[in-house]
Each structure stands twice: as C-alpha cells, then as structure tokens.
Amino acid sequence: MSDLGGGEAPRHVDIAIVGGGLVGASLGCALAPLIERLGLTVAVIEAAPMTAKLDAPWQPSFDARASAIAQGSVAHFRTLGLWDGLAEQASPIRRIHVSEQGRLGATRLNAEELGGEALGQVIPNAWLGRVLHRRLAELPLDWHCPARVEEIRPVAGGHRLTLSDGACLEAGLTVLADGGRSGLKERLGIESRERPYDQVALIAGVEVDRPHDGWAYERFTGDGPIALLPLKGQAMELVWTHEAGQEKDRLALSDGDFLAQLQRAFGDRAGRFRRVGKRHAYPLSLVTARETTRPGLAVMGNAAHALHPVAGQGFNLALRGVMDLVAAIAAGAARGEPAGSAATLGDFETRRSGDRHDVIRFSDGLIRLFGLDSPLLSHARAAGLVGLNLLGPLRRTLARRAMGVER
C-alpha cells in the first residue's frame, strides 16, 4: 500500500472508499480484478488505526464479536479468492431452530435437505478483518490510515475530499462505507429514515456444557428474541434483545446470575450455559438512507441500511451490494462509462433495490410480528411455526433465503 503525502494539488482517483471496515475492505478486495484489468486507481480512508500486525500470531478472544455469513456470501468470498483464509476460523451452521417461548411451535432448517454441508458460517469479526486487510495489503491502493474526511464537496466529475492526514483527493466515485457515524451523509444533504425499535441488543460470548453440533438458535421471548450462533469448540455468540433500559440490570448482574436468567429465558435445548464473556449493549433502530446513489456517490453497508440483527442479514445484504457495485462498474467500463457515472450507478441501484427492499421488509416484519403481545397472534405464530416445519418445500425456500442463495 502507498501513502500519499500532503501536497496541495488534489490527486485524482477513480474510486475513494470511505471506511476500511468489513464492508469497505470487502469492496477493496472485490475491486482487485478491475484494478488489474482496467488500471483503476482506488483510495481507502479509514479513521481507526490498524494497530495489529497482519502477520502476528492469531490469538482468538472469547469476547470477540462474530458475524453470521450466509452460504451465498461464502460463494462470493470464494469468487474473491478469500474463502480458504476465512475458513480457518469459520464455524458451520448446519441446522437452525426457531421457536417461541411458551409455545409448542418450532421450525427447523437443515442444510442436508438442500444437499449442502452448511446453511452458513460464523466467523469472528477480527478474523474477517484480518483476512480482508491482508488481501488489501497486496493491492496497489492509496491507503490513508488513520485519516478522516474533514471536508467533502461535489465537483465536476465527482467529489473532492480533504483528509485529516493532509491529502486532498478528487474521486470519480466516492463510496461511503463508514457506517454512517462520520456525518458525511448529512453534510451532503442525504437524510435517513430512522424507526427506533426501543430495543437494545446485548451481545456476549457464552459457553455451553456440550457440543453444539453446528446448531444455531432463534428464540422469541417476552423480553425479546435470543439468538445463539455456533463458534469454535463449545462457544456460541449470544445476541439477546431487550426493551430499552431493561438491559442495564442484566449488564450489572454477576456472571452466575446472568447465566441463570439466560437459562430460564432460553431453556435447555442448547445445554447448560456455564460461562459468559464481556457483555456489550447496542441500541437498535431500522435506519435507511433516503438516497443510496447520486452521480459520483454510493452509500453502502450500515450507512445505507442498519437492520435489526434478528435475521442476521445486515452484512450479507451489504456484501451482495459490494458484488453488485463491482458488476455495475465492470459493465459500465465495457460501455466506456466511468465508475461514478449516472448510468453506472443507475445500473447498480437497479441491481440492488429489490433485494434491499425484500430483506428490510422481512427482518422488520419478523421483529414486529413476534414483538406484538396478543394471545390470538401468539397462537397463530405457534401454528405457523408448526405448519412451516411440516411443509418441506416452504421450509426449504426459507432455508435458501437464509443461506443467501435465493433472493
């Protein structure tokens, strides 16, 4: 990677990626063939310092957060030549159990019914980032880290970005993949629709007393949904949704008392919980940008759509966006269009709009359906879960959507 100096004249790049996290780094890796074939110049701007050496020994942390990677995303990472590295720390999801507390209904999704070995994979975020950044280090990128975009403004043919490291870039296409935390969307006049769920996700690593055998669980309770994802050994990633404010009491509990409350809420189907790591809490809202493209600009990842974690679709949706953007850029280049042209970004938006709408509607509808406290609805939900478990074709369709291999 090269680092630009602080010269006064702006340097032109074809694409500037603002944000070097999982989405921005995935985009940088996905652009590698176009960088080689078309000679595209790409800059990556990341505010957080990358302190860990990429060649340092891997030290897995029990407290590390993890992501559920759908099988469709696995296929994308294979295409990018990254899966072999990611697979070293991946744990397969072979079966998914969906249930509601206090009701007999349940749905089980099984990879074997689809002729595959897994419905998806769970990978520690730190390992995902390590593999992605190792690949980025091999590419001829203009890497600005740590650096922030201090000013962004439209200019002829794109946007001018003034960076905190003294560099000034003029980008034909600027991709905002910074999670929406920087305020750059707002500075460009892009508003977001925000619908708070009045919920907080409590996330922690837990350990059970028996092998999980690749089971993932989604359990809807009166307090909120509980998700358990399989990790290496007998560890699992816990995502426990609470009404806003209720999480404070559980964050203050001793480990033993926390595990006892989790056991009562979840039941024994995964075994006995015997260890919990550091607990983190995150407020939950459905956030969607009112615009995701403009000439010379694309908004991606959480900057474009922040979803409830109930269906585990956030990063998978973003990765499909990465692949569609690269496909649109390649198609545009074949027509002689630059990466930031209105035609190229219109093609990208056409590719994305249906998938984005369907996933947002599905995840939002699911949490609202199970969040309604009504005896009639509770019985209907239970009957629906039982019926879904009995109807093989419908259950397989749901499984394929969860795997990200059917839109």
Side-chain angles (χ1 to χ4, degrees), residues 21 48 59-68 91 97-103 122-126 129 179-181 194-210 212 215-287 302 306-312 314-315 363-364 366-368 370-373 378:
Q59 296 179 336
S61 170
F62 185 70
D63 293 323
R65 290 188 60 184
S67 291
S91 301
H97 186 282
V98 185
S99 63
E100 184 175 8
Q101 187 180 37
R103 302 293 170 185
V122 185
I123 307 176
N125 287 351
R181 297 181 300 273
E194 182 168 2
R195 185 189 301 168
Y197 288 112
D198 296 323
Q199 294 178 336
V200 173
L202 193 157
I203 299 176
V206 295
E207 186 178 75
V208 291
D209 65 353
R210 66 188 188 207
H212 49 61
W215 276 96
Y217 299 92
E218 189 84 53
R219 182 156 176 80
F220 293 91
T221 77
D223 290 340
I226 300 174
L228 284 172
L229 301 173
L231 292 168
K232 292 289 188 182
Q234 293 176 200
M236 304 191 83
E237 170 98 342
L238 167 70
V239 182
W240 192 355
T241 304
H242 294 70
E243 289 186 17
Q246 289 187 353
E247 82 287 351
K248 295 178 182 178
D249 291 338
R250 288 204 168 107
L251 287 170
L253 290 172
S254 68
D255 288 355
D257 288 342
F258 177 86
L259 291 174
Q261 290 195 12
L262 175 61
Q263 198 78 60
R264 285 195 295 271
F266 187 80
D268 296 331
R269 61 178 43 84
R272 304 298 298 178
F273 297 107
R274 63 184 187 186
R275 180 185 175 194
V276 62
K278 187 175 181 181
R279 289 160 255 169
H280 305 271
Y282 302 90
L284 300 176
S285 297
L286 172 63
V287 182
N302 281 351
L307 309 182
H308 197 288
V310 62
F315 178 67
S363 61
D364 183 56
L366 192 64
I367 194 61
R368 293 187 181 279
F370 281 90
L372 294 173
D373 187 12
S378 293

Does N125 have any side chain to side chain donor-acceptor pair (under 3.5 Å) partners at least two apart in sequence or in another chain, and if so, which? S67
Looking only at heavy atoms, the pair that brings R210 and D268 closest together is NH2-O, 3.4 Å
CD/E237 to CG/L231 distance, rounded to the nearest 0.5 angstrom? 6.0 Å
Spatial distance of atom CG (L202) from atom CG (L262) [nearest 0.5 Å]: 9.5 Å
Please answer whether the main-chain N or O of A270 pairs with a side-chain N or O of H212 as donor and acceptor at a distance below 3.5 Å. no
The reported gap from CH2 in W240 to CG in L228 (rounded to nearest 0.5 angstrom) is 10.5 Å
Mind checking whether F273 and V208 have side chains closer than 4.5 Å, heavy atoms only? yes
Answer yes or no: is there a donor N or O on one side and an acceptor on the other, between the side chain of E247 and the main chain of G245, under 3.5 Å? yes
Please find the pair of heavy atoms, one from V276 and one from A204, that lie closest to each other, and give the distance. CG2-CB, 4.0 Å
Walk me through whether Q234 and D209 qualify under side-chain hydrogen bond (donor to acceptor under 3.5 Å, both in side chains). CA-CA 7 Å; Q234 293 176 200; D209 65 353; over 6 Å; no
My understanding is that only residues two or more places apart in sequence, or in another chain, count here; which of them pass side chain to side chain donor-acceptor pair (under 3.5 Å) with Q261? R250
Of all the heavy-atom pairs spanning T221 and A265, show the shortest one and how long it is. CG2-O, 3.9 Å
Sequence neighbours excluded, the answer for side chain to side chain donor-acceptor pair (under 3.5 Å) partners of E243 is none
Mind listing the closest non-hydrogen atom pair of P196 and S285 along with its distance? CA-OG, 3.4 Å
Atom of E218, atom of P225 and distance for their closest heavy-atom approach: OE2-CB, 3.8 Å
Would you indicate whether K248, at its atom NZ, is surrounded by more than 12 heavy atoms from other residues, nucleotides or ligands within a distance under 6.0 Å? no
The reported gap from CZ in F258 to CG in D249 (rounded to nearest 0.5 angstrom) is 12.0 Å
Do F266 and L238 come within less than 4.5 Å of each other through their side chains, counting heavy atoms only? no
E207 versus L259: any side-chain heavy-atom pair under 4.5 Å? no
Atom pair CZ (R275) and CE (M236), whose distance is rounded to the nearest 0.5 Å: 15.0 Å
Ring geometry between W215 and Y217 (parallel below 30°, tilted from 30 to 60°, perpendicular above 60°): parallel
How far apart are the C-alpha atoms of D255 and R279, what are their side-chain angles, what is the distance that settles it, and do they pass the side chain to side chain contact (heavy atoms under 4.5 Å, CB included) test? CA-CA 10 Å; D255 288 355; R279 289 160 255 169; 2.7 Å; yes
State, to 0.1 Å, how close P230 and S91 come at their nearest heavy-atom pair, and which atoms those are. O-CB, 3.4 Å
